[in-house]
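Structure record follows, encoded as structure tokens.
In what follows, every heavy atom counts, from backbone to side chain, and hydrogens, waters and symmetry copies are set aside. Just so we're on the same page: letters track the sequence lines, and every chain starts at 1.
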Amino acid sequence: MVQVEGLGRLLAEHPFFRDMPPDVRGVVVGCCANAHWRPGEFLFQEGGTADHFYLIRQGIVAVEVHAPGRPSVVVENIGEGEILGWSWLVPPYRWTFDARAAEQVRAIAIDGACLRRKIDENHELGFHLYQRFIPVMGRRIAEARLRIVELTTDAAE
Amino acid sequence: MERTAPTTGHPTIPDPVVLDRDGLDALIDALRGDGYTVIGPRLRDGAIVLDPVESADDLPWGWIDEQDGGRYRLMPGDGNAAFAHTVGPQSWKRHLYPPRQTLWTGRRDGRGFTVDTPTDPAPRQAFLGVRACDLAAMAVQDRVFGVTPHDGRSAGQERFTDTGYAARRAAAFIVAVNCGRAGRTCFCDSVGTGPKAAGGYDLALTELPGAELPGRGAPAFLAAAGSAAGAALLARLPGRPAGAEDRAAAEAAVEGARAQMGRAMVSDAGPLLARNLEHPRWAEVAARCLNCANCTMVCPTCFCTTVEDSTDLSGDHVERWRRWDSCFTVDFSYIHGGAIRQSGLSRYRQWMTHKLSSWWEQFGTSGCTGCGRCITWCPVGIDITEEARAIKDSEGRG
Amino acid sequence: MDSALLSPAGAAADFSNKADPMVPRPFRIVRRLREVDGCFTLVLESLDGRPYVFRPGQFNMLYVFGVGEVAISVSGDCRDPNRLVHTVREVGTVTRAMAALRPGDSIGVRGPFGHPWPIEEAYGHDVLFVTGTIGLAPLRPLIMEVLNRREHFGKVVLCYGSRGTHDILYEKQLHQWRGRFDMQVHVTVHSAPSGYRGRVGSVANLVKIARFDPEQTTAYVCRSETMTRPAVQALYERGVTADRIYVTLERNMKCGVGFCGHCQMGGSFMCKDGPVYRYDTIEHVFSVREL
């Protein structure tokens with residue numbers, strides 16, 4: 001219980017969960033666990049079952065695309081304080097990219113499969129989670145589009 | 001438009017005199033004798049153009065023009081006046097800032113090159129028949145090319161002077177003509193530049209109305225000096241002192257022109273356009289505009305240019321030319337990758353907002369002097385005064 | 001309006017001893033450096049013996065004999081008046097011809113033109129540079145000068161992005177700057193081989209993670225017009241206000257002295273008022289298209 005209390009405080013202070021009603025947040029805290037990866041280890045791989053999402057506490061995670069016959073291509077870093085992974089929220093609940101620790105990574109792993117089951121019963125929990133995940137998804141899509149623009153338009157001389 | 005006090009009454013400037021046709025000839029002779037090429041209105045190709053004149057005979061005696069949106073016709077007037085016509089397709093910028101100028105020539109020299117600039121002195125040009133709107137246009141271009149100071153934004157940074165323009169301008173002798181008749185596209189009165197020349201001339205002539213009427217009077221011109229050079233020249237001409245009735249007749253002639261103004265520009269067009277950059281009217285006018293650039297070519301203040309490099313066959317000699325350009329071409333706003341102003345709408349908007357609005361910001365004055373040439377010479381008769389008024393009226397309705 | 005006419009000689013008085021800004025000065029190429037793909041740097045020396053003095057952010061019109069002229073920002077040290085440095089990207093006829101020139105060849109220079117980056121305005125502040133790809137070239141004289149006057153500033157932060165790990169401009173210099181104790185250098189790339197230890201993502205993301213005091217920061221942004229807005233947005237999100245953000249814009253600079261009209265944008269001649277602008281003075285440009 002000591003560990004869960006510690007995680008509860010962490011979540012309560014994190015911008016992503018801060019404004020959540022405490023009882024709703026309590027449900028999420030119940031699905032949390034600490035996790036740790038050494039450099040080069042995968043957090044998850046493309047096609048794998050997406051049953052978690054991660055709140056990165058330390059280190060950088062590389063979001064990669066596997067390229068046969070050559071090194072994987074890193075397309076984005078997710079760093080300290082950021083949220084990683086939303087495939088657990090959307091059928092068919094499978095990862096679209098690889099996520100690999102670029103350095104020592106410590107994170108809170110949140111059991112999405114558990115949350116999914118609870119959302120079926122508790123729509124308010126679903127509302128609060130969607131309310132927080134959709135802006136993250138929106139920002140990443142907008143940023144990805146802007147990066148396409150950046151790559152295709154000429155830069156300032 | 002900037003106004004200055006009338007220059008008559010200056011201690012060194014004598015009272016006006018009245019010249020007859022011989023006096024006008026004497027004026028042209030005296031200028032030619034002083035080494036000036038006299039450039040004035042003459043009939044050519046069905047229009048009144050600004051070409052060298054050798055005597056008063058070359059002037060378009062008895063001809064007047066009929067102008068309207070997209071329309072220009074010459075016809076005999078009621079009398080035998082020399083200056084009863086209004087402005088033609090050309091303006092004086094052609095002679096102060098020629099359509100093609102050599103900027104420099106270069107010669108290959110081993111792995112390097114040398115550059116030479118033309119050293120010809122500025123031509124001594126005397127402009128005969130400069131109307132008030134075109135005098136105002138010269139004052140505008142004096143600001144554009146860094147000859148006269150101003151408080152516009154472009155003065156806030158490093159100041160450059162176009163040496164060629166400045167030299168031609170300084171060498172020019174200007175004989176203004178106050179308008180005794182206004183055309184249907186004239187609107188100088190509404191922008192405060194005419195029909196009477198307010199200054200900026202060496203001599204100003206007003207054609208007295210006697211000559212306008214058939215069978216009455218001989219040509220007569222009230223001549224007033226506006227500068228020491230003008231006064232010195234006037235003293236050499238055979239004229240009689242002007243009486244009160246001559247002055248009154250001259251004033252009446254100018255007031256007659258003022259009453260005839262065919263068009264008027266709305267007041268405060270600058271802020272009006274600045275706050276209406278996304279007005280639906282731009283799309284309407286763009287649908288009519290052919291992007292032919294005529295308005296920019298005939299405008300007496302439009303100053304945009306481009307450069308052309310030419311190389312001889314050996315590749316060892318190059319020339320850089322500057323020639324008039326127009327914001328109506330797509331290439332005008334080209335940056336690597338494409339043009340900023342792709343649509344005709346944006347190009348028309350650039351021209352009109354520059355002329356009436358951002359010109360103030362840049363040079364502390366409007367870029368429009370009310371000459372009406374852009375209306376007359378627009379093939380589809382787009383009328384800058386009508387466009388400004390349409391936007392203004394829509395605000396009233398709003 | 002008649003003062004010039006009343007004393008015709010007066011009009012010509014104050015320009016006669018000024019060098020004609022339309023005529024190129026011959027310079028000799030003393031070094032040519034290969035940069036990242038499609039870019040090269042020329043080190044030039046004046047052939048007429050006169051030093052070349054400029055301020056960071058200003059540009060020159062560079063002329064290749066028999067080919068033409070193009071506007072290029074100065075990329076060297078403004079404290080070295082004997083060496084003029086330009087980093088050029090091959091994008092058109094003139095820059096391609098320029099790429100073929102070798103040490104010993106001549107090049108024509110008109111300039112410097114344009115409004116420089118203001119430096120004194122940032123005294124007492126943290127300084128943030130935001131740029132990408134070859135945008136670092138016009139910014140380098142400013143970074144050098146800020147470091148020259150280091151004691152006047154709080155934190156000095158550079159956020160730089162490139163496409164990949166192979167096209168990081170001035171990479172050696174970035175490493176040198178990163179090695180200083182008094183400068184943060186953040187570099188990001190759009191994609192990298194797995195195992196790359198640097199950041200992957202947008203420049204805007206670097207702005208999010210950089211350490212500076214938003215209320216006491218002056219930001220200098222040198223990006224394409226399209227990418228300027230997201231950079232400014234990221235600065236806004238950190239709390240930097242428009243009046244503390246300087247950006248550069250790009251138009252068709254031709255004469256450099258405000259006579260040809262090509263680089264107009266609203267009431268501004270970019271060759272004289274720009275290419276550097278304080279963002280709050282040109283924010284409207286980003287809302288009206290094709291201005």
Item to check | chain C contact via B/D331 - side chain, backbone, both or neither, heavy atoms under 4.5 Å | outcome: backbone
Next on the checklist: If you apply the rule side chain to side chain contact (heavy atoms under 4.5 Å, CB included), what do you find for C/E250 with B/I340, and how did you get there?
Outcome noted: CA-CA 10 Å; C/E250 224 182 333; B/I340 300 276; over 6 Å; no
Item to check | Sub-4.5 Å side-chain heavy-atom contact between B/V115 and C/Y63 | outcome: no
Checklist outcome for this item: The reported gap from CZ in B/R108 to CZ in C/F65 (rounded to nearest 0.5 angstrom) is 5.0 Å
Item to check | Derivation and outcome, side chain to side chain contact (heavy atoms under 4.5 Å, CB included), residues B/S333 and C/N252 | outcome: CA-CA 6 Å; B/S333 62; C/N252 185 2; 5.7 Å; no
Item to check | For the student: nearest non-hydrogen atoms of C/E290 and B/S346, plus distance | outcome: OE1-OG, 3.0 Å
Checklist entry - Does C/F259 have its ring centroid less than 6.0 Å away from the ring centroid of B/F303? => result no
Checklist entry - Should B/S358 and C/Q264 be marked as a side chain to side chain donor-acceptor pair (under 3.5 Å) after you check the CA-CA gap, both sets of side-chain angles, and the distance that decides it? => result CA-CA 10 Å; B/S358 40; C/Q264 282 179 79; 5.1 Å; no
Checklist entry - Of the backbone (N, CA, C, O) and the side chain (C-beta and beyond), which part of B/S357 lies under 4.5 Å from a heavy atom of chain C, both, or neither? => result neither
Checklist entry - Which region of C/L291, side chain (C-beta onward) or backbone (N, CA, C, O), has a non-hydrogen atom less than 4.5 Å from a non-hydrogen atom of chain B, or is it both or neither? => result both
Next on the checklist: Counting only heavy atoms from other residues, nucleotides and ligands, does the tally under 6.0 Å from CG of C/D37 exceed 12?
Outcome noted: no
Next on the checklist: Take a 6.0 Å sphere around CZ of C/R28 and say whether it holds more than 12 heavy atoms from other residues, nucleotides or ligands.
Outcome noted: no
Next on the checklist: Under a 3.5 Å distance rule, please check whether C/H262 uses its side chain to pair with a backbone N or O of B/T305 as donor and acceptor.
Outcome noted: yes
Checklist entry - With no hydrogens and no angle check, is any side-chain donor or acceptor of B/W104 less than 3.5 Å from a backbone partner on C/M22? => result yes
Item to check | Side-chain donor/acceptor of B/E361 to backbone N/O of C/S268, under 3.5 Å | outcome: no
Item to check | Side chain, backbone, both or neither of B/D312 within contact of chain C (heavy atoms, under 4.5 Å) | outcome: neither
Item to check | Atom group of C/F113 that falls short of 4.5 Å from chain B, counting heavy atoms | outcome: side chain
Item to check | Residue, of B/R320, B/Q342, B/Q350, that accumulates the most heavy atom pairs under 4.5 Å with chain C | outcome: B/R320
Checklist entry - More than 12 non-hydrogen atoms from neighbouring residues, nucleotides or ligands closer than 6.0 Å to CZ on C/R55, yes or no? => result no
Checklist entry - In terms of heavy-atom proximity below 4.5 Å to chain C, should B/R107 be classed as side chain, backbone, both, or neither? => result backbone
Checklist entry - Which one, B/C304, B/A122, B/G106, leads in non-hydrogen pairs under 4.5 Å with chain C? => result B/C304
